[in-house]
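Scroll down for the structure; my scribbles are underneath it.
Please read these numbers as outputs of a predicted model, since none were measured by experiment. All values below were derived from every heavy atom in this structure, side-chain atoms included, with hydrogens, water molecules and symmetry-related copies excluded.
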Amino acid sequence: MLPLRANIRSMAGYVPGFQPADAERWIKLNTNENPYPPSPKVTAAILAELGADGGNLRKYPDAASQKAREAAAQLYGFDPSWVIMANGSDEVLNNLIRAFAGEGEEIAFVHPSYSYYATLAEIQGARVRTFGLTDSWELIDFPQRYTGKLFFLVNPNAPLGFAYPQEFIEALAKRCEGVLVVDEAYVDFADDNSLELVKKYSNVVVTRTFSKSYSLAGMRLGLAIARPEVIEALDKIRDHYNLDRLAQAAAAASLADQDYFKDCVRKIRETRAWFSGELRVLGYGVIPSRANFVFATPPDRNGKRVYEGLYQRQILVRYFTDPLLREGLRISIGTREEMERTLEALREIG
């Protein structure tokens, strides 16, 4: 038998949303992708980076992704020393655990939440602790002073879509002895963010992704904003050429085109509001969402039945077997036409 580490041998591994081989035949609302293409400036930047014959690809990229760091720093109001670019925000989440949590040490998060945190902890050999949440924004059995190495808070919450009040997040930062990681994968569809808390508290890290609001899921781009000493530590352990030349060009170009970005976000938010209202007319329970998806529960609370009915009609949404989630469905917000067809299917399914 191969000498695998015991935790790797026993772990199940993370299961991402289903990606059909014939995706063009489906309405794909299961992985929170943006339904609109990226900014035209992104395409132009990628083509320019390729060069006339693609010859630039023979050269290594800038190891620091400096131009992309500078673009993010300027947009968000930080010095570039407070920014790191990543191969998707998942790389940052992984490296934060590698940097702060040793084998047997504890990380924590709210349940339900992004389940990949647990997978990353298992890989490292760290222990996982989860906390429930009351309707009055209180973590159940949360200590006055939490001594774990990392606490991950995805805001807006995935997979439920609600946003935590900033007062809740600030109070949590004060109670964490270790690092509070605010995972803002969906924050561009919300009304506020935690960037000011990074300036105010030395233990707060904010992570972002380009997969949702910037339509770049296929490029695998993310970033983190934190104190320079945290960024320096993450720089030590990331892959030395973690972003290729095309990804770096795409990142800088997308951040620079804020007019296009804001228009895409506006359309998704408007469609989200309309679709949520139509679901309620059908009798669905809908959690008020600040993300680019909604979590909706059918009147009979049988999420699996509705998932299968949509699947038969080649509409993909996300169904979770977790006891806290299995009554409902997470539905990404697509174009208005895609959501109209989804509503029609839901009426047929009943």
Subject >> Flag, side chain of Ser289 to backbone of Ala291, donor-acceptor distance under 3.5 Å >> reply: yes

Original post:
If you look at every heavy atom in Arg269 and Phe189, which pair is closest and at what distance?
Top reply: NH1-O, 3.7 Å

Original post:
Can you list the steps and then say if Ile27 with Arg341 is a side-chain contact (heavy atoms from CB on, under 4.5 Å)?
Top reply: CA-CA 9 Å; Ile27 295 178; Arg341 290 171 61 188; 3.6 Å; yes

Original post:
Taking 4.0 angstrom as the limit, do Asp53 and Arg58 come out as a salt bridge?
Top reply: no

Subject >> Nearest heavy atoms of Tyr146 and Pro143, plus distance in Å >> reply: CA-CG, 3.9 Å

**OP:** Answer yes or no: is there an ion pair linking Asp191 with Arg290, defined by an N-O contact shorter than 4.0 Å?
**Re:** yes

Original post:
Are any of the side-chain nitrogens in Asp300 or Arg305 under 4.0 Å away from the carboxylate oxygens of its partner?
Top reply: yes

Subject >> Centroid-centroid distance, Tyr117 to Tyr114, less than 6.0 Å >> reply: yes

Original post:
Would a distance-only check, ignoring hydrogens and angles, find a side-chain to backbone donor-acceptor pair under 3.5 Å from Asn203 to Gly178?
Top reply: yes

Original post:
Taking C-beta and beyond as the side chain, do Val198 and Lys200 meet within less than 4.5 Å on heavy atoms?
Top reply: no

**OP:** Verify, without hydrogens or angle tests, whether Gln314 (side chain) and Tyr311 (backbone) share a donor-acceptor contact under 3.5 angstrom.
**Re:** no

**OP:** Mark yes or no for whether Asn34, through its side chain, and Lys212, through its backbone, hold a donor-acceptor pair below 3.5 Å.
**Re:** yes

Subject >> Pairwise salt bridge (charged side-chain N to carboxylate O under 4.0 Å, His left out) hits with a residue in residues 113-134, at least two apart >> reply: Glu106-Arg127, Glu106-Arg129

**OP:** Say whether, by atom type as modelled, one donor and one acceptor occur between the side chain of Asn30 and the main chain of Leu316 under 3.5 angstrom.
**Re:** no

Original post:
Within the side chain of Arg313, is there an N or O that forms a donor-acceptor pair under 3.5 Å with the backbone of Gly309?
Top reply: yes

Original post:
Considering all heavy atoms of both residues, which atom of Leu160 and which atom of Ile287 are nearest to each other, and what is their separation?
Top reply: O-CG2, 3.6 Å

Original post:
Glu232: what forms a salt bridge (Lys or Arg N to Asp or Glu O under 4.0 Å) with it, not counting sequence neighbours?
Top reply: none

Original post:
Pairs in or reaching into residues 79-89: which pass side chain to side chain donor-acceptor pair (under 3.5 Å), with residues at least two apart or in two chains?
Top reply: Asp79-Ser81

**OP:** List the atom of Gly328, the atom of Tyr319, and the distance in Å for their closest heavy-atom pair.
**Re:** O-CD1, 3.8 Å

Subject >> Backbone N/O of Asn193 and side chain of Glu184: donor-acceptor pair under 3.5 Å >> reply: no

**OP:** Mind jotting down which residue pairs meet the ring-ring contact (aromatic ring centres under 6.0 Å, His included) criterion with at least one end in residues 258-290? Sequence neighbours excluded, please.
**Re:** Tyr214-Phe261

**OP:** List the steps, then state whether side-chain contact (heavy atoms from CB on, under 4.5 Å) holds for Leu150 with Glu105.
**Re:** CA-CA 9 Å; Leu150 292 152; Glu105 294 182 315; over 6 Å; no

Original post:
side chain to side chain donor-acceptor pair (under 3.5 Å) between Glu33 and Thr31: does it pass, once the steps are laid out?
Top reply: CA-CA 6 Å; Glu33 294 151 326; Thr31 51; 3.0 Å; yes

Original post:
Side-chain heavy atoms under 4.5 angstrom apart, residues restricted to Ile, Leu, Val, Met, Phe, Trp, Tyr: same cluster for Phe152 and Val179?
Top reply: yes

Original post:
Does a side-chain heavy-atom distance below 4.5 Å link Gln248 with Met85?
Top reply: no

Original post:
Taking Arg238 for the side chain and His240 for the main chain, is one N or O donor matched with an acceptor at less than 3.5 Å?
Top reply: yes

Original post:
Are Arg347 and Glu344 ion-paired here, with the side-chain N under 4.0 Å from a carboxylate O?
Top reply: no

Subject >> Members besides Tyr241 in its Ile/Leu/Val/Met/Phe/Trp/Tyr cluster (side-chain heavy atoms under 4.5 Å) >> reply: Tyr60

Original post:
Is there side-chain contact between Arg25 and Pro20, with heavy atoms separated by less than 4.5 Å?
Top reply: no

Side-chain atoms of residues 276-283: list all donor-acceptor pairs with protein atoms under 3.5 Å, sequence neighbours left out, distances to 0.1 Å.
| unit_1 | atom_1 | unit_2 | atom_2 | d |
| --- | --- | --- | --- | --- |
| Ser276 | OG | Arg272 | O | 2.8 |
| Arg280 | NH2 | Val286 | O | 3.2 |

Original post:
Does Leu50 reach the side chain of Leu57, with side-chain heavy atoms less than 4.5 Å apart?
Top reply: yes

Subject >> Least distance between heavy atoms, Leu180 atom then Ile169 atom >> reply: CD2-O, 3.7 Å

